[in-house]
Amino acid sequence: MDSVVEPVKQEPIELKIGGMSCVNCARNIEKGVATLEGVTSARVNFAAERLVVTADPQLVSVEQLSAKVKELGFRVVTGDQDSQADRRERNWLIFSALLSLPIMPLMWLMPFGNGTIWLIALLSSVVQFTAGLTFYRGAFNSLRNG
């Protein structure tokens, strides 16, 4: 009697991904995760920040997927980290708004003469290199991943 080997049932694994800044980031994650042995498909929903992987559970674990995502320059977010990330993003938005709002009236009124330009440059640079750092990190990861 021939023994028939039943195919292993592949359950989808869903992970929340953090650190994506564009659709190309999602594509890089899909391509990178798809290279793991045992992965049948990998799909990233950029808007929902979700990665859904169909894989052989005997060959691929959640830890391996998380490690691969981290290697690609992104992070897997748990429930507690998710709320912390939301608070951090909200705080960066408030910080950016508080420093950015005075720029337009300063441009119109020029209360400090030519020195106003330096104040505007300072305010915008602080916002760009603090709150905008997320963009630069994403760009660096995209360049590094090709």
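Everything numeric here is computed off the predicted structure, so don't read it as measured data.
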Handout entry: Reference residue Val44; test side chain to side chain contact (heavy atoms under 4.5 Å, CB included); the match among Ile29, Asn28, Val23, Val69
Key = Ile29

Handout entry: Under-4.0 Å salt bridge between Arg27 and Glu30
Key = no

Exercise for the section: Enter the distance from Arg144:CZ to Glu71:CD here, rounded to the nearest 0.5 Å. Expected result: 8.5 Å

Completion exercise
Closest non-hydrogen atoms of Met110 and Met107, given as atom of the first, atom of the second and distance, are CG-O, 3.7 Å

Problem - Worked check of side-chain contact (heavy atoms from CB on, under 4.5 Å) between Thr134 and Trp92 - result: CA-CA 10 Å; Thr134 303; Trp92 276 122; 5.7 Å; no

Exercise for the section: Tell me, with the steps shown, if Leu106 and Leu119 meet side-chain contact (heavy atoms from CB on, under 4.5 Å). Expected result: CA-CA 9 Å; Leu106 285 171; Leu119 178 60; 3.7 Å; yes

Practice task
Any chance you could measure Glu14, atom CD, to Arg50, atom CZ, to the nearest 0.5 Å?
Solution key: 5.0 Å

Handout entry: Side-chain heavy atoms of Thr35 within contact of Lys68, under 4.5 Å
Key = yes

Exercise for the section: Quick one: closest heavy-atom pair of Ser96 and Ala131, and the distance? Expected result: OG-CB, 3.0 Å

Handout entry: Heavy-atom check, side chain of Met20 versus side chain of Glu49, under 4.5 Å
Key = yes

Practice task
Nearest 0.5 Å please: distance from the CG atom of Leu51 over to the CG atom of Asn45.
Solution key: 10.5 Å

Problem - Value rounded to 0.5 Å, distance of CD1 in Ile103 from CH2 in Trp108 - result: 12.5 Å

Handout entry: Atom of Phe74, atom of Gly18 and distance for their closest heavy-atom approach
Key = CB-O, 3.6 Å

Exercise for the section: For Ser125 and Leu122, indicate whether the former's side chain and the latter's backbone hold a donor-acceptor pair under 3.5 Å. Expected result: no

Handout entry: Exam field: side chain Gln64 to backbone Ser61, donor-acceptor pair closer than 3.5 Å
Key = yes

Problem - Distance-minimising heavy-atom pair for Val33 and Val39 - result: O-CG2, 3.6 Å

Exercise for the section: Under the side-chain contact (heavy atoms from CB on, under 4.5 Å) rule, what do Arg90 and Phe95 come out as? Steps first, then yes or no, please. Expected result: CA-CA 9 Å; Arg90 185 199 64 225; Phe95 174 79; over 6 Å; no

Handout entry: Audit row: Leu65, Val60, side-chain contact (heavy atoms from CB on, under 4.5 Å) steps and yes/no
Key = CA-CA 7 Å; Leu65 292 171; Val60 179; 3.7 Å; yes

Exercise for the section: Please name the pair of heavy atoms, one in Gly32 and one in Leu72, separated by the smallest distance, quoted to 0.1 Å. Expected result: CA-CD1, 3.9 Å

Practice task
Taking the side chain as every heavy atom from C-beta outward, state whether Leu15 and Val53 have any atom pair closer than 4.5 Å.
Solution key: no

Practice task
Verify the cluster assignment for Ile13 and Val77: are they in a single hydrophobic cluster under the rule of side-chain heavy atoms below 4.5 Å apart?
Solution key: no

Practice task
Could you tell me the separation between the CH2 atom of Trp118 and the CZ atom of Phe112, rounded to the nearest 0.5 Å?
Solution key: 16.0 Å

Handout entry: Residue Phe135 excluded, over 12 heavy atoms near CZ under 6.0 Å
Key = no

Exercise for the section: Rounded to the nearest 0.5 Å, what's the gap from CD1 on Ile17 to CZ on Phe46? Could you check? Expected result: 12.5 Å

